[in-house]
Amino acid sequence: MFPLRIAWRYVKARKSHRAVNIIAWIAVGGVAVAVAAMVVVLSIYNGFEQLSAQRMSRMDPQLLVQRTDGRMIENADSLAAALERIAGVEAADPVITERALIMTDMGQMPVVFKAVPAGYDRRNIALDSLMEAGAYATQTASGYPAAAVSVGVANKLAVIPEQAPLANIYVPRRVGRINPANPGAAFARESMVVSGVFRTDDQDVDADHIIIPLAVARELLDYDTQGSAVDLRLSPDASAVKVQRAVQDAVGDGISVQNRLEQRSENFRMIAIEKWVTFMMLLMVLVIALFNIVSTLSLLVIEKRDNMSTLRAIGATRHSVGSIFAWQGFIVTVTGGVIGIVLGVALALTQEYGHVITLGSRPGTAVVDYYPVSLLVTDLLIVFAAVLAVSLLMTLVARLLAAKNS
């Protein structure tokens, strides 16, 4: 590899003008900084993605069975009983999720209620563990049905468990005629007592969700055995993938079976989109940094013009001379890329394990006390592939510069 050997000597050799050396190192530094930024930013997005996975709503079931068209499941009770007989399924409960209006003496607001059957907190999701105040219950000692409200609802309506006046839940009537002279008759109403306030650490859920008994929801909506979904809890030793496949085979087409990640696919998709859009922006920064290398190669070509004449005189072809500077551009770009990857890995690992950059002035004031970072080998391979791609671009530019001056 005659051109590679000459190129390597050119890279190591001192230049006749010190400014050329300085410009060359600035070019390498520009590439290194851009590549290090790519590694760090991708690692930060990985950290936020893992944080989102860890802090997924604690109200999400392990498996969610629902119709793909969003309509109600007929005979949801029978479906839940059948699914509970599948190996690996520990509990299956029909639920209803619907929008409603909650009204108290302190105000009103639209909410999303999740209606669950009796025993749901013992069989499926431990709702008591979510309570910030009060307790989860389905009925109070006074005989009124009980509701648990999220912290957002409790704050807006100034609700204190067991001390607040009755909360009225309104939903539009599904059946029957509407009397224009009495608009209030178009809504079904149920009076409930707030027994507890829950927090899930999921902003969407904590803002406007409440939990009510399934029997109350079916009475409000004029349902018998229908349900909007069936929540499944798996046995501790069960394979989630195998059970999900078995449940999907049992329910057939038209009904989806989603694990927790799939239930929050929109959130993860937005993180992925932001991650790769940012990567493309940083890639453009890397391309801009290559202009420094182009200027460096231009100076090197001018400086080595006499050497090129000598090489041509002893029989080197124009292609061989161009290959020398092509290799030189490749070496300079890859060197900057490798330095940048090493620097980015060092910074990412420092934050991942040292937690140097924190969020908030006081621990515990934010969801996480430090910037989450997770370094993935696949991201490093993608960054290195991008460096190789721009390095090949530099070889073409260097070959053109040498061809014009040889």
Side-chain angles (χ1 to χ4, degrees), residues 57 59-86 89-102 110-121 123-125 127 138 145-150 153 168-178 185-192 200 202 204-205 207-234 243-244 246-260 262-266:
S57 175
M59 283 183 62
D60 291 340
Q62 289 180 280
L63 290 180
L64 177 68
V65 179
Q66 61 183 355
R67 290 183 55 155
T68 55
D69 57 8
R71 299 173 63 184
M72 299 295 291
I73 300 175
E74 301 293 337
N75 298 318
D77 293 349
S78 300
L79 177 62
L83 294 179
E84 197 166 307
R85 291 193 290 269
I86 295 177
V89 176
E90 188 171 285
D93 294 297
V95 299
I96 294 177
T97 302
E98 191 56 82
R99 295 189 175 275
L101 178 71
I102 184 171
V111 295
V112 177
F113 68 75
K114 180 171 184 176
V116 300
Y120 182 88
D121 56 319
R123 291 163 40 83
N124 214 306
I125 296 176
L127 299 177
T138 57
V149 301
S150 65
V153 176
N168 294 315
I169 310 296
Y170 292 87
V171 297
R173 291 190 183 276
R174 293 182 53 254
V175 297
R177 294 182 178 181
I178 298 176
F187 294 88
R189 186 190 73 174
E190 181 66 51
S191 297
M192 308 184 72
T200 65
D202 183 331
D204 294 335
V205 174
D208 60 357
H209 278 55
I210 66 174
I211 304 172
I212 66 175
L214 180 63
V216 172
R218 283 177 170 170
E219 184 176 351
L220 279 170
L221 297 169
D222 291 309
Y223 285 140
D224 296 321
T225 60
Q226 296 91 332
S228 58
V230 176
D231 289 357
L232 302 185
R233 181 176 180 176
L234 308 185
V243 174
Q244 183 178 6
V247 173
Q248 185 64 72
D249 292 340
V251 297
D253 298 333
I255 296 181
S256 65
V257 181
Q258 299 176 330
N259 57 34
R260 282 179 169 170
E262 292 168 341
Q263 294 170 43
R264 299 283 173 166
S265 60
E266 289 296 327

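Treat the numbers as computed from the prediction; the structure is a model and nothing was measured.
Put simply, CG on D60 and CD1 on I125 are 7.0 Å apart, with the number rounded to the nearest 0.5 Å. Atom CZ of residue F113 and atom CG of residue L221 lie 5.0 Å apart, to the nearest 0.5 angstrom. A distance of 9.0 Å separates CE of M59 from CG of D231, quoted to the nearest 0.5 Å.
Residues that satisfy the side-chain hydrogen bond (donor to acceptor under 3.5 Å, both in side chains) test with D77, not counting sequence neighbours, are R218. In terms of the side-chain hydrogen bond (donor to acceptor under 3.5 Å, both in side chains) criterion, Q248 has no residue partners (sequence neighbours excluded). Legend: residues meeting side-chain hydrogen bond (donor to acceptor under 3.5 Å, both in side chains) with S78, ordered by chain and number and at least two apart, are absent. By the side chain to side chain contact (heavy atoms under 4.5 Å, CB included) test, I255 is found to be paired with V65, R67, V251, residues two or more places apart in sequence or in another chain being considered. Judged as a side chain to side chain contact (heavy atoms under 4.5 Å, CB included), and not counting sequence neighbours, the contacts of L101 are M103, Q108, Y170. With sequence neighbours excluded, the residues that form a side chain to side chain contact (heavy atoms under 4.5 Å, CB included) with R233 are Q62, E90, A91, N124.
Around atom CD of E262, more than 12 heavy atoms belonging to other residues, nucleotides or ligands sit under 6.0 Å away. The local environment of CG in D253 is sparse, with at most 12 non-hydrogen atoms from other residues, nucleotides or ligands closer than 6.0 Å.
Without hydrogens or angle criteria, Q244 side chain to V257 main chain gives a donor-acceptor distance under 3.5 Å. At distances below 3.5 Å, at least one donor-acceptor pair connects side-chain atoms of Q263 with backbone N or O atoms of Q258. In this structure, the side chain of E84 does not engage the main chain of A82 through any donor-acceptor pair within 3.5 Å. Although no hydrogens or angles enter the test, the distance criterion places no donor-acceptor pair under 3.5 Å between the side chain of R99 and the main chain of P110. A donor-acceptor pair under 3.5 Å is formed between the side chain of S150 and the backbone N or O of H209. When atom types are taken as modelled, the side chain of T97 and the backbone of K114 share no donor-acceptor pair closer than 3.5 angstrom. The main-chain N or O of S228 is never found under 3.5 Å from a side-chain atom of E98 such that the two would form a donor-acceptor pair.
Two residues are said to be in side-chain contact when any heavy atoms from C-beta on lie closer than 4.5 Å; I211 and Y120 fail this criterion. Between L63 and N259 the shortest side-chain heavy-atom distance falls below 4.5 Å. Side-chain contact between P61 and L232 is absent, with no heavy atoms from C-beta onward closer than 4.5 Å. Contact annotation: the side chain of I102 approaches that of I169 to within less than 4.5 Å [non-hydrogen atoms, C-beta and beyond]. E190 places none of its side-chain heavy atoms less than 4.5 Å from the side chain of V171.
Among all heavy-atom pairs drawn from G227 and A76, the shortest one is N-CB, 3.5 Å. Between A217 and I212 the shortest heavy-atom distance is CB-CD1, 4.0 Å. When every heavy atom of L83 is checked against every heavy atom of A92, the shortest pair comes out as CB-CB, 4.4 Å. The two residues A115 and P213 make their nearest non-hydrogen contact at CB-O, 3.8 Å. The shortest heavy-atom contact between I73 and L79 is CG2-CD2, 3.8 Å.
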